[in-house]
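Reminder, nothing fancy here: chain letters follow the sequence lines and each chain counts from 1. On a predicted model such as this, the values are computed, not experimentally measured, just so you know.
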Protein chains: 2
Amino acid sequence: MKITFKGDYALKILLDLSLNYEKGLVQIKEISKRQDIPVKYLEQIILILKGAGYVRSKRGPVGGVYLAKPPEKIKVGEIIRLMEGSTSPISCVSRTAPSKCSFFRRCPFVGLWTEIRDFTNKIIDGTTFADISEKVENMSVKSPDYSI
Amino acid sequence: MKITFKGDYALKILLDLSLNYEKGLVQIKEISKRQDIPVKYLEQIILILKGAGYVRSKRGPVGGVYLAKPPEKIKVGEIIRLMEGSTSPISCVSRTAPSKCSFFRRCPFVGLWTEIRDFTNKIIDGTTFADISEKVENMSVKSPDYSI
DNA sequence: TTATAGTATAGTTAGTTGATAGACAATAGA
DNA sequence: TCTATTGTCTATCAACTAACTATACTATAA
């Protein structure tokens with residue numbers, strides 16, 4: 001698994017929205033500033049998140065975006081797969097988009113890739129944005145200037 | 001960690017040389033055929049492996065390439081890092097080529113990336129080409145047409 | 001001397017990443 | 001209704017990477 005800026009940005013956006021889940025609407029501009037993401041690029045990512053049902057929005061003045069479901073219902077893994085595709089180290093062991101390899105049936109490396117894939121999935125699917133938010137809040141107690 | 005064709009090819013090359021460790025010289029052409037790797041691309045990979053000290057060669061007729069050290073002294077992880085670079089899912093937690101992130105000190109995602117990085121390293125550094133060769137040999141007993 | 005086999009480096013093509021630009025659509029409030 | 005504000009949509013682009021492909025060169029055994 002490789003996380004690019006796109007995936008990293010998406011995670012930061014969802015975390016920002018999670019931390020503001022009770023408040024409601026948040027403006028794209030604000031997220032851009034807080035998370036240091038180019039606003040025009042951020043807009044595109046928001047559209048993907050909207051299309052996948054994680055975010056809803058309201059246009060016009062006092063408009064903004066907000067989470068479509070509670071943070072505890074959104075796994076980090078879902079967002080990574082949405083933005084980056086398969087989490088497998090190599091496509092022959094991908095569950096979401098497998099590719100054929102003539103050696104597959106008897107490839108001596110497959111065991112390694114499968115172990116790594118399974119562990120990775122366990123970690124990222126075992127963490128929700130509620131867990132991540134909680135971490136942030138715990139950090140904020142100790143250092144109140146936390147701004148993410 | 002993402003394994004591309006380059007890395008995948010390199011692993012297959014080293015496995016081929018490991019299986020032929022006792023025999024000695026192996027021609028690039030032969031490896032190309034057995035492992036189904038474009039010969040010109042394979043040559044480039046061999047040069048990288050040579051430069052890093054894993055392979056030695058002899059030119060001219062009856063020339064060829066061979067392993068510079070025994071298979072049990074070569075970890076899969078070394079080759080992956082040589083060909084693909086860092087094994088970290090994201091550069092902020094890379095040990096080989098770390099990058100700065102303004103959120104790093106208090107990023108709530110870092111824990112996930114670190115766990116994945118450490119597990120990945122454990123797997124690929126805990127396996128040598130002797131282990132992989134052994135797997136192949138065990139497979140071959142059951143299905144003698146194994147050609148990798 | 002010549003065929004053989006590795007060495008070295010420079011292209012090439014297609015696709016991806018990380019943006020930027022600009023026109024458009026909805027809506028709250030004057 | 002007009003206008004400023006905010007999100008929506010599509011196009012474009014430069015830089016980079018992956019995976020080859022091409023070509024000239026060097027060493028060596030017979």
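Surrounding NZ of A:Lys73 are at most 12 heavy atoms belonging to other residues, nucleotides or ligands under 6.0 Å away. Other residues, nucleotides and ligands contribute over 12 non-hydrogen atoms within 6.0 Å of the NZ atom of A:Lys2. No more than 12 heavy atoms of other residues, nucleotides or ligands sit less than 6.0 Å from atom NZ of B:Lys29.
Among the atoms of the strands shown, base atoms are found under 4.0 Å from some heavy atom of A:Gln44. Nucleic acid contact for B:Gln27: sugar-phosphate only, since backbone atoms but no base atoms lie under 4.0 Å from a heavy atom of the residue. A:Tyr41 comes within contact range of at least one nucleobase, with a heavy-atom separation under 4.0 Å.
A:Ser57 has no side-chain polar atom (N or O) that falls below the 4.0 Å cut-off from OP1 or OP2 of D:dT6. Residue A:Thr4 places none of its side-chain N or O atoms closer than 4.0 Å to OP1 or OP2 of C:dT16. OP1 or OP2 of D:dT5 has not a single side-chain nitrogen or oxygen of A:Lys29 nearer than 4.0 Å. OP1 or OP2 of D:dA19 has not a single side-chain nitrogen or oxygen of B:Tyr9 nearer than 4.0 Å. Checking the phosphate oxygens (OP1, OP2) of D:dT23, no side-chain nitrogen or oxygen of B:Lys40 falls inside 4.0 Å. OP1 or OP2 of D:dT28 has not a single side-chain nitrogen or oxygen of B:Lys58 nearer than 4.0 Å.
Distance from the side chain of A:Phe5 is smallest for C:dG18 among the nucleotides D:dA29, D:dT5, C:dG18. In this structure, of C:dA19, C:dT7, C:dA28, it is C:dT7 that holds the atom nearest to the side chain of B:Leu47. Nearest nucleotide to the side chain of B:Arg59, out of D:dC9, C:dT7, D:dA4: C:dT7. You'll find that the side chain of B:Lys6 is closest to D:dA19, out of D:dT8, C:dT20, D:dA19.
Taking atom CD of residue B:Glu43 and atom P of nucleotide D:dT23, one finds them 14 Å apart after rounding to whole Å. Between the CD1 atom of A:Ile46 and the C1' atom of D:dT6 there is a distance of 13 Å, given to the nearest Å. Computed from coordinates, the B:Lys50 NZ to C:dT9 C1' distance equals 15 Å when rounded to whole Å. Distance, B:Ile45 CD1 to C:dA8 P: 16 Å, rounded to whole Å. Following rounding to the nearest Å, B:Arg56 (CZ) and C:dT7 (P) show an atom-to-atom distance of 13 Å. Rounding to whole angstrom units, CG of residue B:Leu42 and P of C:dA8 are separated by 16 Å.
In this structure, A:Phe109 and A:Trp113 have parallel ring planes: the angle between them is below the 30° cut-off, well short of the 60° mark. Using bins of under 30°, 30° to 60° and over 60° for the plane-to-plane angle, the ring pair B:Phe119/A:Phe119 lands in the parallel bin.
Along DNA chain D, the nucleotide nearest to A:Pro61 and the one nearest to B:Pro61 differ in position, and the one closer to the 5' end is contacted by A:Pro61.
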